[in-house]
Amino acid sequence: MPELPEVETVRRGLTRLVGNAKITSVDVYYEKMVSPEADQFKKMLAGKTIERIDRRGKYLLFRFNDDLTMVSHLRMEGKYDVQPDGNPITKHTHVVFHLDDHRDLRYTDTRKFGRMHLLKTGDETKLVSGLKKMGPEPTPETLTVEYMKQIFSKSKKAIKPFLLDQSNIAGLGNIYVDETLWLSRIHPEQPTNTIPEFQIRQLRENIIAEIKRAIEGHGTTVHSFSTAYGEAGEFQNHLMVYGRKGEPCFRCDTPIEKTKVAQRGTHFCPDCQVLRKDPGVTMVLGLTGGIATGKSTVSEFFKAYQIPVIDADKVAREVVEPGTKGLKEIQTTFGWQMIQPDGTLDRHALGTLVFSQPEKLAQLNSITGPLIKKAVVRKLRGYRRRQVPLVIYDAPTLFEAHGAAGMNEIMVVNVPDQVQLQRLMARDHLSKKEALERINAQMPLAEKVKRADVVIDNSDSVDKTKAQVVRWLNEAGFGSLITDKSN
DNA sequence: ACTTCGACCTGCGAGC
DNA sequence: TGCTCGCAGGTCGAAG
(Lines give C-alpha, C1' and ligand atoms only; values in the text may rest on other atoms or scores of the structure.)
Protein backbone atom coordinates (compact mmCIF):
# COMPACT_ATOMS: atom_id res chain seq x y z
CA MET A 1 0.00 0.00 0.00
CA PRO A 2 2.25 2.69 1.10
CA GLU A 3 4.18 5.85 0.51
CA LEU A 4 5.56 7.90 3.37
CA PRO A 5 2.23 9.23 4.72
CA GLU A 6 0.70 5.75 4.79
CA VAL A 7 3.74 4.23 6.47
CA GLU A 8 3.71 7.03 9.02
CA THR A 9 0.01 6.36 9.65
CA VAL A 10 0.83 2.70 10.22
CA ARG A 11 3.67 3.66 12.55
CA ARG A 12 1.43 5.84 14.68
CA GLY A 13 -1.33 3.25 14.77
CA LEU A 14 1.02 0.46 15.74
CA THR A 15 2.73 2.58 18.36
CA ARG A 16 -0.62 3.08 19.99
CA LEU A 17 -1.60 -0.58 19.71
CA VAL A 18 1.58 -2.53 20.37
CA GLY A 19 4.05 -0.04 21.80
CA ASN A 20 5.48 -1.80 24.89
CA ALA A 21 3.95 -5.14 23.91
CA LYS A 22 6.01 -8.24 24.57
CA ILE A 23 6.44 -10.96 21.98
CA THR A 24 6.14 -14.53 23.22
CA SER A 25 6.73 -16.32 19.92
CA VAL A 26 6.67 -15.76 16.17
CA ASP A 27 5.25 -17.82 13.29
CA VAL A 28 6.63 -17.40 9.79
CA TYR A 29 4.56 -18.85 6.95
CA TYR A 30 6.54 -17.45 4.03
CA GLU A 31 10.19 -17.85 4.80
CA LYS A 32 11.56 -15.65 2.01
CA MET A 33 9.98 -12.72 3.74
CA VAL A 34 12.35 -12.58 6.68
CA SER A 35 16.05 -12.42 7.40
CA PRO A 36 18.01 -13.92 9.00
CA GLU A 37 16.47 -17.26 8.09
CA ALA A 38 13.18 -18.07 9.78
CA ASP A 39 14.35 -20.22 12.71
CA GLN A 40 16.93 -17.68 13.76
CA PHE A 41 14.43 -14.84 13.22
CA LYS A 42 11.91 -16.50 15.54
CA LYS A 43 14.50 -17.30 18.19
CA MET A 44 15.85 -13.77 18.26
CA LEU A 45 12.40 -12.22 18.75
CA ALA A 46 11.00 -14.52 21.42
CA GLY A 47 10.70 -12.67 24.71
CA LYS A 48 11.53 -9.27 23.23
CA THR A 49 9.55 -6.10 23.95
CA ILE A 50 8.65 -3.51 21.31
CA GLU A 51 10.09 -0.38 22.89
CA ARG A 52 9.25 2.00 20.08
CA ILE A 53 8.55 2.15 16.38
CA ASP A 54 10.42 4.57 14.13
CA ARG A 55 10.16 5.33 10.46
CA ARG A 56 12.69 6.28 7.82
CA GLY A 57 11.34 6.95 4.33
CA LYS A 58 8.96 4.06 3.69
CA TYR A 59 10.67 1.75 6.17
CA LEU A 60 9.30 0.89 9.60
CA LEU A 61 11.90 0.34 12.31
CA PHE A 62 10.70 -1.75 15.23
CA ARG A 63 13.01 -1.15 18.18
CA PHE A 64 13.28 -3.99 20.69
CA ASN A 65 15.18 -4.27 23.91
CA ASP A 66 18.76 -5.62 23.78
CA ASP A 67 19.65 -3.38 20.80
CA LEU A 68 17.55 -5.27 18.34
CA THR A 69 15.86 -3.61 15.37
CA MET A 70 13.45 -5.09 12.85
CA VAL A 71 13.43 -3.22 9.57
CA SER A 72 10.10 -3.76 7.82
CA HIS A 73 9.14 -2.62 4.33
CA LEU A 74 5.55 -3.07 3.18
CA ARG A 75 6.35 -2.63 -0.52
CA MET A 76 3.07 -2.66 -2.47
CA GLU A 77 0.52 -4.39 -0.27
CA GLY A 78 1.94 -5.18 3.13
CA LYS A 79 -0.34 -4.54 6.10
CA TYR A 80 -0.11 -4.98 9.83
CA ASP A 81 -3.10 -5.62 12.00
CA VAL A 82 -3.73 -6.65 15.56
CA GLN A 83 -6.31 -9.20 16.62
CA PRO A 84 -7.09 -11.60 19.43
CA ASP A 85 -5.03 -14.77 19.20
CA GLY A 86 -6.82 -17.85 17.99
CA ASN A 87 -8.40 -16.10 15.01
CA PRO A 88 -7.90 -18.26 11.94
CA ILE A 89 -4.94 -17.35 9.75
CA THR A 90 -5.92 -16.03 6.34
CA LYS A 91 -4.42 -16.98 3.01
CA HIS A 92 -2.13 -13.98 2.89
CA THR A 93 -0.92 -13.86 6.46
CA HIS A 94 2.81 -14.50 6.37
CA VAL A 95 4.18 -13.54 9.75
CA VAL A 96 2.43 -13.64 13.13
CA PHE A 97 3.91 -12.14 16.28
CA HIS A 98 2.18 -13.62 19.32
CA LEU A 99 1.97 -11.13 22.17
CA ASP A 100 1.85 -11.96 25.85
CA ASP A 101 -1.61 -10.41 26.27
CA HIS A 102 -3.44 -12.86 23.99
CA ARG A 103 -3.24 -10.68 20.97
CA ASP A 104 -1.44 -11.27 17.66
CA LEU A 105 0.37 -8.72 15.55
CA ARG A 106 -0.10 -10.04 12.04
CA TYR A 107 1.56 -9.19 8.78
CA THR A 108 -0.42 -9.85 5.60
CA ASP A 109 0.72 -9.18 2.07
CA THR A 110 -1.11 -10.44 -1.01
CA ARG A 111 1.82 -10.07 -3.35
CA LYS A 112 4.50 -11.18 -0.89
CA PHE A 113 6.75 -8.27 -1.81
CA GLY A 114 7.31 -7.05 1.74
CA ARG A 115 10.49 -7.87 3.68
CA MET A 116 11.61 -7.90 7.32
CA HIS A 117 15.19 -7.76 8.44
CA LEU A 118 16.26 -8.31 11.99
CA LEU A 119 19.60 -6.84 13.01
CA LYS A 120 21.55 -5.04 15.65
CA THR A 121 20.26 -1.48 16.20
CA GLY A 122 22.47 0.88 14.24
CA ASP A 123 23.44 -1.71 11.66
CA GLU A 124 20.33 -1.04 9.60
CA THR A 125 21.85 2.00 7.92
CA LYS A 126 24.91 -0.06 7.01
CA LEU A 127 23.32 -3.34 6.00
CA VAL A 128 19.92 -2.55 4.47
CA SER A 129 20.71 -1.23 1.01
CA GLY A 130 17.61 0.94 0.78
CA LEU A 131 18.35 2.62 4.11
CA LYS A 132 22.03 2.99 3.35
CA LYS A 133 21.46 5.53 0.62
CA MET A 134 18.14 7.02 1.73
CA GLY A 135 17.74 10.69 0.85
CA PRO A 136 16.50 13.37 3.26
CA GLU A 137 13.00 13.26 4.75
CA PRO A 138 10.63 15.76 3.11
CA THR A 139 10.50 18.28 5.94
CA PRO A 140 11.50 21.97 5.88
CA GLU A 141 14.58 21.32 8.03
CA THR A 142 15.94 18.29 6.20
CA LEU A 143 14.99 18.99 2.58
CA THR A 144 16.73 22.27 1.92
CA VAL A 145 16.63 24.46 -1.18
CA GLU A 146 20.41 24.23 -1.46
CA TYR A 147 20.33 20.43 -1.42
CA MET A 148 17.58 20.30 -4.04
CA LYS A 149 19.37 22.74 -6.33
CA GLN A 150 22.51 20.68 -6.05
CA ILE A 151 21.01 17.26 -6.82
CA PHE A 152 18.75 18.67 -9.55
CA SER A 153 21.67 20.18 -11.40
CA LYS A 154 23.38 16.81 -11.62
CA SER A 155 20.70 14.64 -13.21
CA LYS A 156 19.54 14.56 -16.79
CA LYS A 157 16.84 12.00 -16.19
CA ALA A 158 13.14 12.70 -16.22
CA ILE A 159 11.87 14.35 -13.05
CA LYS A 160 9.33 11.60 -12.32
CA PRO A 161 11.78 8.69 -11.93
CA PHE A 162 14.17 11.11 -10.25
CA LEU A 163 11.62 11.82 -7.52
CA LEU A 164 10.73 8.14 -7.19
CA ASP A 165 14.38 7.38 -6.45
CA GLN A 166 14.51 7.19 -2.65
CA SER A 167 18.17 8.16 -2.57
CA ASN A 168 17.23 11.65 -3.75
CA ILE A 169 14.27 12.33 -1.45
CA ALA A 170 12.81 9.85 1.02
CA GLY A 171 9.24 8.71 0.95
CA LEU A 172 7.69 9.78 -2.35
CA GLY A 173 5.90 7.18 -4.46
CA ASN A 174 3.76 7.09 -7.56
CA ILE A 175 0.80 8.99 -6.12
CA TYR A 176 2.59 11.86 -4.43
CA VAL A 177 5.02 12.34 -7.30
CA ASP A 178 2.14 12.82 -9.73
CA GLU A 179 0.40 15.11 -7.26
CA THR A 180 3.36 17.33 -6.48
CA LEU A 181 4.36 17.63 -10.13
CA TRP A 182 0.84 18.78 -10.96
CA LEU A 183 0.89 21.25 -8.08
CA SER A 184 4.20 22.60 -9.38
CA ARG A 185 3.15 22.52 -13.06
CA ILE A 186 6.10 20.40 -14.11
CA HIS A 187 5.81 17.81 -16.87
CA PRO A 188 6.76 14.33 -15.56
CA GLU A 189 9.28 13.86 -18.36
CA GLN A 190 10.99 17.23 -17.93
CA PRO A 191 14.75 16.57 -17.60
CA THR A 192 15.62 17.27 -13.99
CA ASN A 193 18.60 19.52 -14.71
CA THR A 194 16.50 21.83 -16.91
CA ILE A 195 14.09 22.76 -14.12
CA PRO A 196 14.61 26.41 -13.12
CA GLU A 197 15.22 27.46 -9.55
CA PHE A 198 11.78 28.95 -9.01
CA GLN A 199 10.21 25.61 -9.91
CA ILE A 200 12.62 23.71 -7.67
CA ARG A 201 11.44 25.96 -4.86
CA GLN A 202 7.79 25.42 -5.74
CA LEU A 203 8.31 21.68 -5.94
CA ARG A 204 10.05 21.63 -2.58
CA GLU A 205 7.25 23.60 -0.93
CA ASN A 206 4.63 21.39 -2.54
CA ILE A 207 6.34 18.14 -1.55
CA ILE A 208 6.73 19.22 2.06
CA ALA A 209 3.18 20.57 2.31
CA GLU A 210 1.55 17.67 0.49
CA ILE A 211 3.24 15.01 2.61
CA LYS A 212 2.27 16.90 5.75
CA ARG A 213 -1.36 17.22 4.64
CA ALA A 214 -1.48 13.54 3.66
CA ILE A 215 -0.16 12.46 7.07
CA GLU A 216 -2.78 14.64 8.71
CA GLY A 217 -5.40 12.92 6.52
CA HIS A 218 -4.06 9.50 7.61
CA GLY A 219 -2.75 8.74 4.13
CA THR A 220 -4.36 7.68 0.90
CA THR A 221 -6.46 4.56 0.62
CA VAL A 222 -6.44 3.25 -2.93
CA HIS A 223 -7.97 -0.19 -2.91
CA SER A 224 -10.80 -0.26 -0.43
CA PHE A 225 -9.36 -1.71 2.70
CA SER A 226 -9.66 -0.60 6.25
CA THR A 227 -6.91 -0.88 8.75
CA ALA A 228 -7.27 -2.71 11.99
CA TYR A 229 -5.24 -0.06 13.76
CA GLY A 230 -7.95 2.51 13.80
CA GLU A 231 -8.30 4.71 10.77
CA ALA A 232 -8.59 4.26 7.05
CA GLY A 233 -6.94 7.04 5.10
CA GLU A 234 -9.05 9.77 3.63
CA PHE A 235 -6.50 11.63 1.57
CA GLN A 236 -7.71 10.01 -1.66
CA ASN A 237 -10.45 12.63 -1.51
CA HIS A 238 -7.83 15.32 -2.00
CA LEU A 239 -6.05 13.88 -5.00
CA MET A 240 -5.77 16.29 -7.92
CA VAL A 241 -4.57 14.01 -10.73
CA TYR A 242 -3.91 10.49 -9.51
CA GLY A 243 -6.71 8.21 -10.67
CA ARG A 244 -8.48 11.08 -12.46
CA LYS A 245 -7.80 10.11 -16.08
CA GLY A 246 -10.25 11.89 -18.38
CA GLU A 247 -11.64 14.08 -15.61
CA PRO A 248 -11.23 17.87 -15.80
CA CYS A 249 -8.13 19.47 -14.33
CA PHE A 250 -9.12 21.33 -11.16
CA ARG A 251 -7.24 24.40 -12.40
CA CYS A 252 -7.96 24.67 -16.09
CA ASP A 253 -10.65 22.03 -16.84
CA THR A 254 -8.55 20.24 -19.48
CA PRO A 255 -9.00 16.44 -19.18
CA ILE A 256 -6.27 14.71 -17.17
CA GLU A 257 -4.16 12.33 -19.22
CA LYS A 258 -2.62 9.06 -18.22
CA THR A 259 0.60 7.85 -19.80
CA LYS A 260 3.56 5.73 -18.85
CA VAL A 261 6.77 7.27 -17.63
CA ALA A 262 9.60 5.00 -16.50
CA GLN A 263 7.20 2.03 -16.58
CA ARG A 264 4.85 3.67 -14.11
CA GLY A 265 1.31 4.88 -14.71
CA THR A 266 1.52 8.67 -14.76
CA HIS A 267 -1.24 11.26 -14.49
CA PHE A 268 -0.84 14.86 -15.55
CA CYS A 269 -2.60 17.86 -17.07
CA PRO A 270 -1.38 18.39 -20.64
CA ASP A 271 -2.14 22.12 -20.47
CA CYS A 272 -0.76 22.95 -17.03
CA GLN A 273 2.27 20.67 -17.30
CA VAL A 274 4.03 21.33 -20.57
CA LEU A 275 7.32 19.70 -21.55
CA ARG A 276 9.72 22.57 -22.32
CA LYS A 277 12.90 22.56 -24.33
CA ASP A 278 14.26 25.56 -22.52
CA PRO A 279 12.12 26.46 -19.51
CA GLY A 280 14.00 29.72 -18.90
CA VAL A 281 14.24 31.51 -15.57
CA THR A 282 11.10 33.64 -15.69
CA MET A 283 8.26 32.84 -13.34
CA VAL A 284 4.80 34.05 -14.34
CA LEU A 285 2.46 34.72 -11.45
CA GLY A 286 -1.21 35.00 -12.37
CA LEU A 287 -2.99 37.57 -10.22
CA THR A 288 -6.74 37.57 -10.00
CA GLY A 289 -9.63 38.05 -7.62
CA GLY A 290 -13.26 39.01 -7.60
CA ILE A 291 -14.76 42.39 -8.41
CA ALA A 292 -13.78 44.89 -5.69
CA THR A 293 -11.66 42.46 -3.71
CA GLY A 294 -8.62 44.69 -4.08
CA LYS A 295 -6.60 43.02 -6.78
CA SER A 296 -5.29 46.34 -8.03
CA THR A 297 -3.99 47.16 -4.54
CA VAL A 298 -1.88 44.03 -4.69
CA SER A 299 -0.85 44.76 -8.25
CA GLU A 300 0.45 48.16 -7.13
CA PHE A 301 2.71 46.53 -4.54
CA PHE A 302 4.42 44.55 -7.27
CA LYS A 303 4.77 47.61 -9.50
CA ALA A 304 6.31 49.54 -6.63
CA TYR A 305 9.06 46.92 -6.54
CA GLN A 306 9.68 47.38 -10.27
CA ILE A 307 8.27 43.91 -10.94
CA PRO A 308 6.69 43.94 -14.39
CA VAL A 309 2.91 43.65 -14.44
CA ILE A 310 1.02 42.74 -17.59
CA ASP A 311 -2.45 44.20 -17.22
CA ALA A 312 -4.98 42.07 -19.11
CA ASP A 313 -7.54 44.91 -19.24
CA LYS A 314 -4.97 47.23 -20.73
CA VAL A 315 -3.98 44.64 -23.32
CA ALA A 316 -7.66 44.18 -24.14
CA ARG A 317 -7.86 47.90 -24.97
CA GLU A 318 -4.65 47.85 -26.97
CA VAL A 319 -5.85 45.14 -29.32
CA VAL A 320 -8.79 47.31 -30.44
CA GLU A 321 -7.00 50.61 -30.83
CA PRO A 322 -7.42 52.47 -34.14
CA GLY A 323 -5.55 50.77 -36.93
CA THR A 324 -5.53 47.34 -35.29
CA LYS A 325 -6.74 44.09 -36.77
CA GLY A 326 -9.02 43.79 -33.75
CA LEU A 327 -10.89 46.99 -34.42
CA LYS A 328 -11.25 46.13 -38.09
CA GLU A 329 -12.82 42.78 -37.22
CA ILE A 330 -15.23 44.38 -34.80
CA GLN A 331 -16.31 46.80 -37.50
CA THR A 332 -16.80 43.97 -40.00
CA THR A 333 -18.75 41.86 -37.53
CA PHE A 334 -20.85 44.43 -35.65
CA GLY A 335 -21.04 47.30 -38.14
CA TRP A 336 -19.70 50.83 -38.56
CA GLN A 337 -21.90 52.05 -35.71
CA MET A 338 -19.29 50.66 -33.33
CA ILE A 339 -16.67 53.16 -34.45
CA GLN A 340 -16.71 56.76 -33.25
CA PRO A 341 -16.01 59.71 -35.59
CA ASP A 342 -12.44 59.96 -34.27
CA GLY A 343 -11.81 56.36 -35.34
CA THR A 344 -11.81 54.85 -31.84
CA LEU A 345 -14.05 52.06 -30.61
CA ASP A 346 -17.43 53.14 -29.25
CA ARG A 347 -17.27 51.11 -26.06
CA HIS A 348 -20.67 52.24 -24.90
CA ALA A 349 -22.40 51.15 -28.10
CA LEU A 350 -20.58 47.81 -28.13
CA GLY A 351 -21.30 47.28 -24.44
CA THR A 352 -24.99 47.91 -24.92
CA LEU A 353 -25.08 45.52 -27.85
CA VAL A 354 -23.37 42.58 -26.16
CA PHE A 355 -24.83 43.14 -22.71
CA SER A 356 -28.23 41.77 -23.61
CA GLN A 357 -27.17 39.19 -26.19
CA PRO A 358 -24.91 36.40 -24.96
CA GLU A 359 -24.20 35.11 -28.48
CA LYS A 360 -22.90 38.55 -29.48
CA LEU A 361 -20.72 38.62 -26.42
CA ALA A 362 -19.32 35.22 -27.33
CA GLN A 363 -18.66 36.51 -30.85
CA LEU A 364 -16.81 39.51 -29.45
CA ASN A 365 -14.75 37.33 -27.16
CA SER A 366 -13.83 35.05 -30.03
CA ILE A 367 -12.38 38.08 -31.79
CA THR A 368 -10.54 39.68 -28.88
CA GLY A 369 -9.64 36.53 -26.93
CA PRO A 370 -7.04 35.15 -29.34
CA LEU A 371 -5.63 38.64 -29.98
CA ILE A 372 -5.18 39.26 -26.26
CA LYS A 373 -3.58 35.90 -25.80
CA LYS A 374 -1.16 36.54 -28.64
CA ALA A 375 -0.26 39.97 -27.28
CA VAL A 376 0.36 38.56 -23.79
CA VAL A 377 2.51 35.76 -25.15
CA ARG A 378 4.54 38.32 -27.09
CA LYS A 379 5.09 40.44 -23.99
CA LEU A 380 6.06 37.39 -21.95
CA ARG A 381 8.51 36.29 -24.60
CA GLY A 382 10.23 39.65 -24.24
CA TYR A 383 10.57 39.28 -20.49
CA ARG A 384 11.79 35.72 -20.87
CA ARG A 385 14.43 36.76 -23.34
CA ARG A 386 15.66 39.36 -20.90
CA GLN A 387 15.65 36.73 -18.14
CA VAL A 388 13.39 38.78 -15.89
CA PRO A 389 12.91 36.64 -12.78
CA LEU A 390 9.26 37.43 -12.06
CA VAL A 391 6.38 38.76 -14.15
CA ILE A 392 2.83 39.34 -12.91
CA TYR A 393 -0.12 38.69 -15.19
CA ASP A 394 -2.95 40.72 -13.72
CA ALA A 395 -6.23 39.39 -15.10
CA PRO A 396 -9.66 39.76 -13.47
CA THR A 397 -11.06 36.83 -15.45
CA LEU A 398 -7.95 34.66 -15.48
CA PHE A 399 -9.93 31.46 -14.91
CA GLU A 400 -12.93 32.38 -17.02
CA ALA A 401 -10.71 33.33 -19.97
CA HIS A 402 -8.77 30.06 -19.69
CA GLY A 403 -5.53 31.81 -18.84
CA ALA A 404 -4.73 29.66 -15.81
CA ALA A 405 -2.84 26.98 -17.72
CA GLY A 406 -0.18 29.44 -18.84
CA MET A 407 0.73 30.52 -15.32
CA ASN A 408 3.43 29.11 -13.06
CA GLU A 409 1.46 30.00 -9.99
CA ILE A 410 -1.82 31.76 -9.23
CA MET A 411 -2.50 34.32 -6.55
CA VAL A 412 -6.09 35.17 -5.66
CA VAL A 413 -7.02 38.26 -3.68
CA ASN A 414 -9.85 37.37 -1.36
CA VAL A 415 -12.22 39.12 1.03
CA PRO A 416 -15.33 37.83 2.83
CA ASP A 417 -18.56 38.10 0.79
CA GLN A 418 -19.97 40.88 2.95
CA VAL A 419 -16.84 43.00 2.62
CA GLN A 420 -16.82 42.52 -1.14
CA LEU A 421 -20.46 43.65 -1.37
CA GLN A 422 -19.92 46.73 0.84
CA ARG A 423 -16.78 47.77 -1.03
CA LEU A 424 -18.39 47.39 -4.44
CA MET A 425 -21.50 49.39 -3.42
CA ALA A 426 -19.34 52.18 -2.00
CA ARG A 427 -16.81 52.24 -4.83
CA ASP A 428 -19.25 52.24 -7.76
CA HIS A 429 -22.21 53.87 -5.98
CA LEU A 430 -24.44 50.87 -6.55
CA SER A 431 -27.51 49.56 -4.82
CA LYS A 432 -27.27 46.22 -3.09
CA LYS A 433 -29.20 44.59 -5.90
CA GLU A 434 -26.98 46.04 -8.61
CA ALA A 435 -23.83 45.10 -6.74
CA LEU A 436 -24.99 41.53 -6.20
CA GLU A 437 -25.84 41.23 -9.87
CA ARG A 438 -22.27 42.08 -10.81
CA ILE A 439 -20.78 39.79 -8.21
CA ASN A 440 -22.98 36.91 -9.31
CA ALA A 441 -22.06 37.43 -12.95
CA GLN A 442 -18.53 36.24 -12.14
CA MET A 443 -17.11 32.87 -11.19
CA PRO A 444 -17.78 32.58 -7.45
CA LEU A 445 -14.88 33.89 -5.39
CA ALA A 446 -14.84 30.68 -3.36
CA GLU A 447 -14.21 28.74 -6.57
CA LYS A 448 -11.29 31.00 -7.44
CA VAL A 449 -9.86 30.56 -3.98
CA LYS A 450 -10.11 26.81 -4.42
CA ARG A 451 -8.08 27.01 -7.62
CA ALA A 452 -5.46 29.35 -6.18
CA ASP A 453 -1.96 28.46 -5.05
CA VAL A 454 -1.72 31.52 -2.82
CA VAL A 455 -4.58 33.46 -1.31
CA ILE A 456 -4.08 37.03 -0.16
CA ASP A 457 -6.58 38.12 2.46
CA ASN A 458 -7.38 41.76 1.80
CA SER A 459 -10.07 42.25 4.42
CA ASP A 460 -7.83 44.04 6.92
CA SER A 461 -5.48 47.01 6.55
CA VAL A 462 -3.35 47.81 3.52
CA ASP A 463 -0.25 47.11 5.60
CA LYS A 464 -1.43 43.63 6.46
CA THR A 465 -2.14 42.92 2.81
CA LYS A 466 1.27 44.17 1.83
CA ALA A 467 2.91 42.02 4.48
CA GLN A 468 1.36 38.95 2.87
CA VAL A 469 2.70 39.91 -0.54
CA VAL A 470 6.15 40.51 0.92
CA ARG A 471 6.04 37.17 2.65
CA TRP A 472 5.13 35.43 -0.57
CA LEU A 473 8.00 37.14 -2.39
CA ASN A 474 10.42 35.98 0.27
CA GLU A 475 9.15 32.42 0.34
CA ALA A 476 9.12 32.12 -3.44
CA GLY A 477 12.77 33.15 -3.57
CA PHE A 478 12.31 36.74 -4.77
CA GLY A 479 13.37 38.43 -1.57
CA SER A 480 16.07 40.32 -3.43
CA LEU A 481 13.39 42.17 -5.42
CA ILE A 482 11.97 43.76 -2.28
CA THR A 483 13.33 47.28 -2.26
CA ASP A 484 11.87 48.73 0.95
CA LYS A 485 13.37 46.29 3.43
CA SER A 486 11.84 48.18 6.37
CA ASN A 487 8.61 46.31 5.76
C1' DA B 1 28.62 5.56 -13.00
C1' DC B 2 24.76 6.18 -15.57
C1' DT B 3 19.84 4.46 -17.03
C1' DT B 4 16.46 0.87 -18.34
C1' DC B 5 14.02 -3.24 -17.72
C1' DG B 6 12.62 -7.60 -16.04
C1' DA B 7 11.77 -10.04 -11.79
C1' DC B 8 9.49 -10.61 -7.63
C1' DC B 9 3.88 -12.07 -6.55
C1' DT B 10 -1.31 -12.25 -6.61
C1' DG B 11 -5.85 -10.58 -7.80
C1' DC B 12 -9.01 -8.00 -10.35
C1' DG B 13 -11.41 -5.96 -14.16
C1' DA B 14 -11.73 -5.29 -19.24
C1' DG B 15 -12.20 -7.33 -23.51
C1' DC B 16 -12.76 -11.21 -26.51
C1' DT C 1 -18.38 -18.68 -18.53
C1' DG C 2 -13.64 -18.84 -19.28
C1' DC C 3 -9.54 -17.21 -21.01
C1' DT C 4 -5.79 -13.75 -21.66
C1' DC C 5 -3.95 -9.31 -20.91
C1' DG C 6 -2.68 -5.39 -18.48
C1' DC C 7 -2.38 -3.18 -14.35
C1' DA C 8 -1.59 -2.21 -9.22
C1' DG C 9 0.76 2.79 -3.70
C1' DG C 10 7.96 -0.60 -4.65
C1' DT C 11 12.57 -1.98 -4.98
C1' DC C 12 16.51 -4.73 -6.52
C1' DG C 13 19.86 -6.56 -9.49
C1' DA C 14 21.24 -7.65 -14.12
C1' DA C 15 22.17 -5.88 -18.49
C1' DG C 16 22.98 -2.12 -21.77
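Order of the sequence lines fixes the chain letters, A, B, ..., with proteins taken first and strands second; residue numbering starts at 1 for each chain.
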* State whether a side-chain donor-acceptor pair under 3.5 Å links A:Thr465 with A:Asn458. =>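 Yes, because at least one side-chain N or O of A:Thr465 sits under 3.5 Å from a partner of the opposite role on A:Asn458.
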Any base atoms under 4.0 Å from [X], or only sugar-phosphate, or nothing? Heavy atoms, all strands.
X: A:Lys154; answer: nothing
X: A:Gly114; answer: nothing
X: A:Tyr59; answer: sugar-phosphate
X: A:Lys156; answer: nothing

* Asked: Hey, do the aromatic rings of A:Phe198 and A:Phe478 have their centres closer than 6.0 Å?
  ->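 Not under 6.0 Å, so no.
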Suppose you measure atom [atom1] in [N] against the same atom in [M]; what distance do you get, rounded to whole Å?
N: B:dG11; M: C:dT11; atom1: P; result: 22 Å
N: B:dC2; M: C:dG10; atom1: P; result: 23 Å
N: B:dC9; M: C:dG13; atom1: P; result: 14 Å

Does a salt bridge link [X] with [Y], judged by any charged N lying under 4.0 Å from a carboxylate O?
X: A:Arg56; Y: A:Glu137; result: yes
X: A:Arg213; Y: A:Glu216; result: no
X: A:Arg201; Y: A:Glu197; result: yes
X: A:Asp123; Y: A:Lys126; result: yes

For the pair made of [atom1] in [X] and [atom2] in [N], what is the distance, rounded to whole Å?
X: A:Arg56; N: C:dG10; atom1: CZ; atom2: P; answer: 17 Å
X: A:His267; N: C:dC7; atom1: NE2; atom2: C1'; answer: 11 Å
X: A:Lys245; N: C:dC7; atom1: NZ; atom2: C1'; answer: 12 Å
X: A:Glu6; N: C:dA8; atom1: CD; atom2: C1'; answer: 14 Å
X: A:Leu131; N: C:dG10; atom1: CG; atom2: C1'; answer: 14 Å

* Asked: Among residues 162-175 of chain A, which contact DNA chain C at a heavy-atom distance under 4.0 Å?
  ->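 By residue number: A:Gln166, A:Gly173, A:Asn174, A:Ile175.
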* Asked: For nucleotides 6-13 of chain B, read 5' to 3', which letter fits each nucleotide if B means a protein heavy atom sits under 4.0 Å from the base, S means only the sugar-phosphate is that close, and - means neither?
  -> --BBBS--
* Hey, where does DNA chain C pair up into stems, meaning at least three consecutive Watson-Crick or G-U pairs with distances under 3.5 Å? -> B:3-8 with C:10-15, B:10-16 with C:2-8
* Parallel, tilted or perpendicular: which describes the rings of A:His92 and A:His94, with under 30° parallel and over 60° perpendicular? -> perpendicular
* Asked: A:Phe162 vs A:Phe152 aromatic rings, parallel, tilted or perpendicular, using cut-offs 30° and 60°?
  ->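 Because their plane-to-plane angle is over 60°, the rings of A:Phe162 and A:Phe152 count as perpendicular.
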